[in-house]
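Throughout, a chain's letter reflects where its sequence line sits, starting with A, and its residues are numbered from 1.
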Protein chains: 2
Amino acid sequence: MDKASRSPAMTDVARLAGVSHQTVSRVLNDHPNVKEQTRIRVRAAIAELGYRPNRAARALVTGRSQLIGVVARNSTLYGPASMLTEFEQAAADAGFAVSVGSVRELDRSSISAVVDRHLDQRVAGLVVIANVASAAEALAEIPGDVPVVFIDGDPASGRPLVTVDQVAGARAATRHLLDAGHETVWHVSGPTDWFDSAGRIQGWKQTLLEAGAEVPPLLSADWSAAEGYRTGQMLARMPEVTAIFTANDHLALGILRALHERGRRVPHDVSIVGFDDVPEAAYFIPPLTTVRQAFGDVARAALSLLLGQMRDDSGTAHQIVVPPQLIVRESVSRPA
Amino acid sequence: MDKASRSPAMTDVARLAGVSHQTVSRVLNDHPNVKEQTRIRVRAAIAELGYRPNRAARALVTGRSQLIGVVARNSTLYGPASMLTEFEQAAADAGFAVSVGSVRELDRSSISAVVDRHLDQRVAGLVVIANVASAAEALAEIPGDVPVVFIDGDPASGRPLVTVDQVAGARAATRHLLDAGHETVWHVSGPTDWFDSAGRIQGWKQTLLEAGAEVPPLLSADWSAAEGYRTGQMLARMPEVTAIFTANDHLALGILRALHERGRRVPHDVSIVGFDDVPEAAYFIPPLTTVRQAFGDVARAALSLLLGQMRDDSGTAHQIVVPPQLIVRESVSRPA
DNA sequence: AGCAGAAATGTTATCGATAACATCCGCTTT
DNA sequence: AAAGCGGATGTTATCGATAACATTTCTGCT
C-alpha cells in the first residue's frame, strides 16, 4: 500500500507485533530465550511488512558485515576467472555477498590498498587468490583478527589455504606421455613466479627423474597462446622433441599452430598434453588431452574454511588440497 | 604506538586537531566552508592517526554505501568475464568497491534475489549486465530511487545503457567477406535470446540484403566450440559454403576443426570471420580475422553514467554505444 | 564605530541495529 | 511463605558517521 514510505525498521516490526525492538532482534538472531508464541507473532509481522534488516546498522554495531572480500588479480585467464565466479556462486548460496577487489599486480602496495578498502567495508572475511609468490606479502597487510583463506599460495605459510594439487596433475600428464612410450617429455611452463607453474614444473621433473628419463631444459613462457606459438616455432625445428607437456591449454594451442605450420603432425609426430581443460580444448586440432582442475570444489572448500574461522576462533589452520583429473583425448600417441 | 587499540574514529581525530568532529567530517567531504589552516591541521591529524572513515556508519546515516552492486550471469565466457573485470577495475579506480551478484540464470526470481541482497547492503548503484532478453524483467525488480545502468540490454527500454554496436561489428565482418569476393556469407549465431546475437544477426542480414546477396538460412548455436564443431561438420559437407561469419571466436574454433577434418582448407577453400578477439584468436589455425569489442570503454562509460545518476537526479537517460573494430588476420581470402 | 551578513565552527539529533543491564514473572526449594 | 533462580522481555547505551540547527567569528559597508 505505502510503497513510497521509507522501508520499515525494526521498531516498526516491534510495534506491529506488540513487543520491543530487542525481542525482534532476538528472533532475527535465533536467540534461544524467546517464547515460541512471540516468535511466531514477530515472524508474521516481519512478513507482513516485508521487513529486511539494515546491514549497515548491524555492521556498525558489530563491526562486521555480511560481505566477503576477495583479493584477486585482474585477469581473464581461464583459471583465475573460473575461480572467481565459482567462489561468488558458493558465497551467494551461503547468503554472503562478495566484494571483489581486483588488482593489476599482486605487489605489496596494490594488495595493501585493496585490503584497506575491504577493511573499510568491514568485511566478515577475506579470500586472497594468491597465485604468485609476491602475494605472500599480502599476509603482512592483513590484521590477525579478520578471517582469511588463501586460494593457491604458499602452504608453508601455515595459513588456511586451499589449492589444487598441481604436482599430482603434472605427474599424471608426464606419466601419461611416458607410458605412451616417449623417451622424455619437454615442458613449457607458465611464469615461474606462479605457484601453479612451480608445482607443475616440480611434478614434471620428479616424474622424469623417477623414470630415469633425461630432463630437457625448462622452457618458460607466460600463459598466452602467443608465447606458446613462439616457443613452438623453436620446438618444431627439433626432431628429437616428440612429447610436450604445457602448463596450460592456451600455450598448447600456440604450439599446435607452430607445429602445424612446420608440417609436424599431432599426435603422429609430436604428442601434447595441456592443463586446465578450457571448454574449447576438446575442439583444438587435434582434441587436446589435458588436466582438469575442480574449481568449484576449491571454491566451496575455501568458503567452508572461512565460515569455520568466522564461527570459532579455535581455527586450526586447515589446509585442503583438491586433486585434479587427467582428461584423455587425442593429442597423445606412441612415438613414430 | 598503540596498534592494538580500536581503530581511531572521527572524534579521536577531532580531539587531536583541536576541533569538533563535525569539522573533521567537513574536511573529509570537501565542504567549502572550512578555513584552509584548519583543513591542514585536520588532514595532519588524520594522517598521524591513520584514520579511515567507517563506511558502515556513513552508510547508516546516508542510507547509501560506497558499494556498487553488479548483477551478472555466472559465466566464464570471454565477453561477460572481461566485462566484469573491466568494470571492477574502473570502479576501483573511482574509489568504489564492487559487490558481484552472480546468478545462474537471468530469470525473474534469480534477479530479484540478487537485487534484494544488493539493496540490503545499501548499494550506491546497480549495474545489470543484461545480455539476454529475459533480463529486461530485472527492470521491474529495481526500485526507482536507486541509480541503475544496464550493460547490453534493450535500448528501447529508455533506461541508461551502454552497449557495443553489435550491428556495426557484424556489418564490418560481413562486408569484409563480401569485399573479398564471396557471393554470400553464412552466419552461425549465438543463442537468439542474447541481445548480442540479435544485433549480429541483424547486421549480417542487412549487409547481405543491401549487397543484393542471397541470405542463407540462419544457423544458431550456443557460444561453445562444441556446437561450432557440430555445425561445422554440416557446413564442411556443403561445397557452396565459402564464407562464414561466426558470432564468436570459440564457435569459429570448432568450425575450423570440422573443416580441417573434412580437408577443407581455411582460408583457401573457406573464409571465416569470428567475433570477440579472444587473446588466443591470433594463434588459431589459421590466425582468425575477428571483431574486437572495447570492454574497457564500455565499463568506464557505464561507471560514468552511474556516477552521473548518483550526483544529480536530472538523470537524462543517456545511452552510449561503443563501436567495435575489425581485426584482419589470415582466415579470409578470395574464393577459389 | 556599529551592524548586517557571510564564513567558520560547534552542538545536538539521528540513522537502525546489537550489547549490556534491568525487570518481571512463575516455579522450585527449603 | 520467603528466598532463589532462570526464562522471557523491556530499557538504555552504543557504534561512527552526517544532517540540521545554533553559535561564534570575521568581513565590508555606511
Side-chain angles (χ1 to χ4, degrees), chain A residues 5-43 45-46 49-67 117 119-124 145 310, chain B residues 5-43 45-46 49-67 95 97 119-124 145 310-311:
Chain A
S5 69
R6 218 53 82 238
S7 68
M10 202 174 254
T11 51
D12 301 315
V13 176
R15 198 175 315 118
L16 180 61
V19 298
S20 77
H21 64 114
Q22 181 63 305
T23 299
V24 177
S25 172
R26 290 195 180 100
V27 171
L28 246 46
N29 295 299
D30 292 318
H31 194 95
N33 290 350
V34 178
K35 216 195 295 178
E36 190 54 28
Q37 190 186 334
T38 34
R39 195 183 296 273
I40 289 169
R41 205 141 35 92
V42 169
R43 288 250 169 76
I46 288 175
L49 292 177
Y51 165 79
R52 331 198 86 238
N54 183 322
R55 311 283 189 140
R58 178 180 301 184
L60 177 57
V61 65
T62 62
R64 202 127 288 183
S65 66
Q66 282 287 97
L67 198 61
R117 248 205 335 273
L119 294 179
D120 278 2
Q121 304 275 351
R122 300 295 191 274
V123 292
D145 61 339
M310 282 161 46
Chain B
S5 69
R6 217 54 79 237
S7 69
M10 201 172 256
T11 51
D12 301 316
V13 176
R15 198 174 316 118
L16 180 61
V19 297
S20 76
H21 62 116
Q22 182 62 300
T23 299
V24 177
S25 172
R26 289 195 181 99
V27 171
L28 246 46
N29 295 298
D30 291 318
H31 194 94
N33 292 348
V34 177
K35 215 196 295 178
E36 190 54 28
Q37 190 186 333
T38 35
R39 196 184 295 274
I40 289 168
R41 205 142 33 92
V42 169
R43 289 250 168 75
I46 288 175
L49 292 177
Y51 166 78
R52 330 199 86 239
N54 183 324
R55 310 289 188 131
R58 179 181 299 184
L60 177 58
V61 66
T62 62
R64 202 125 289 183
S65 64
Q66 283 287 97
L67 198 61
L119 294 180
D120 277 4
Q121 305 274 351
R122 299 296 190 275
V123 292
D145 60 339
M310 282 160 46
R311 270 193 297 274

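As a whole-Å value, the separation of A:Met10 CE from C:dA19 C1' is 13 Å. In this structure, B:Asp120 places its CG atom 19 Å from P of C:dC15, rounding to the nearest Å.
Between B:Ala9 and A:Arg41, the residue anchored nearer the 5' end of DNA chain D, judged by the nucleotide with its closest heavy atom, is A:Arg41.
Residues of residues 25-36 of chain B that place a heavy atom closer than 4.0 Å to DNA chain D, in numerical order, are B:Ser25, B:Asn29. For the contact set between residues 57-65 of chain B and DNA chain C, defined by any heavy atom under 4.0 Å, the members are B:Leu60, B:Val61.
Residues A:Pro53 and A:Met10 form no side-chain contact, since every pair of their non-hydrogen atoms from C-beta on lies 4.5 Å or further apart. Residues A:Val27 and A:Thr38 have side chains not in contact (no heavy-atom distance under 4.5 Å, counting atoms from C-beta outward).
Side chain of A:Asp12 to main chain of A:Pro8: no donor-acceptor pair is present (N/O by atom type, distance under 3.5 Å, no hydrogens or angles). Remark: the backbone N or O of B:Ala56 is paired with a side-chain donor or acceptor of B:Asn54 at under 3.5 angstrom. Distance alone, capped at 3.5 Å, is enough to place a donor-acceptor pair between the B:Thr62 side chain and the B:Arg58 backbone. Checked by atom type and distance alone, the side chain of B:Arg64 never pairs as donor or acceptor with a backbone atom of B:Ala124 at under 3.5 Å. Within the 3.5 Å criterion, the main-chain N or O of B:Arg122 finds a donor-acceptor partner in the side chain of B:Ser65.
At a threshold of 4.0 Å, the pair A:Arg43-A:Asp30 counts as salt-bridged, since one of the basic side-chain nitrogens sits closer than that to a carboxylate oxygen.
Residues forming a salt bridge (charged side-chain N to carboxylate O under 4.0 Å, His left out) with A:Arg55 (at least two apart in sequence, or on another chain): B:Asp120. For A:Arg26, the salt bridge (charged side-chain N to carboxylate O under 4.0 Å, His left out) test picks out no residue, with sequence neighbours left out. For B:Leu16, the side chain to side chain contact (heavy atoms under 4.5 Å, CB included) criterion is met by B:Ala45, B:Glu48, B:Leu49, not counting sequence neighbours.
Rounded to 10 degrees, the angle separating the terminal axes of the helix from C:dA1-D:dT30 to C:dT30-D:dA1 is 50°, with each axis obtained from five end pairs.
Proximity of B:Thr23 to the phosphate of C:dA8: no side-chain N or O atom is located under 4.0 Å from OP1 or OP2.
Contact annotation for A:Thr11: no contact, since no heavy-atom pair falls under 4.0 Å across all strands.
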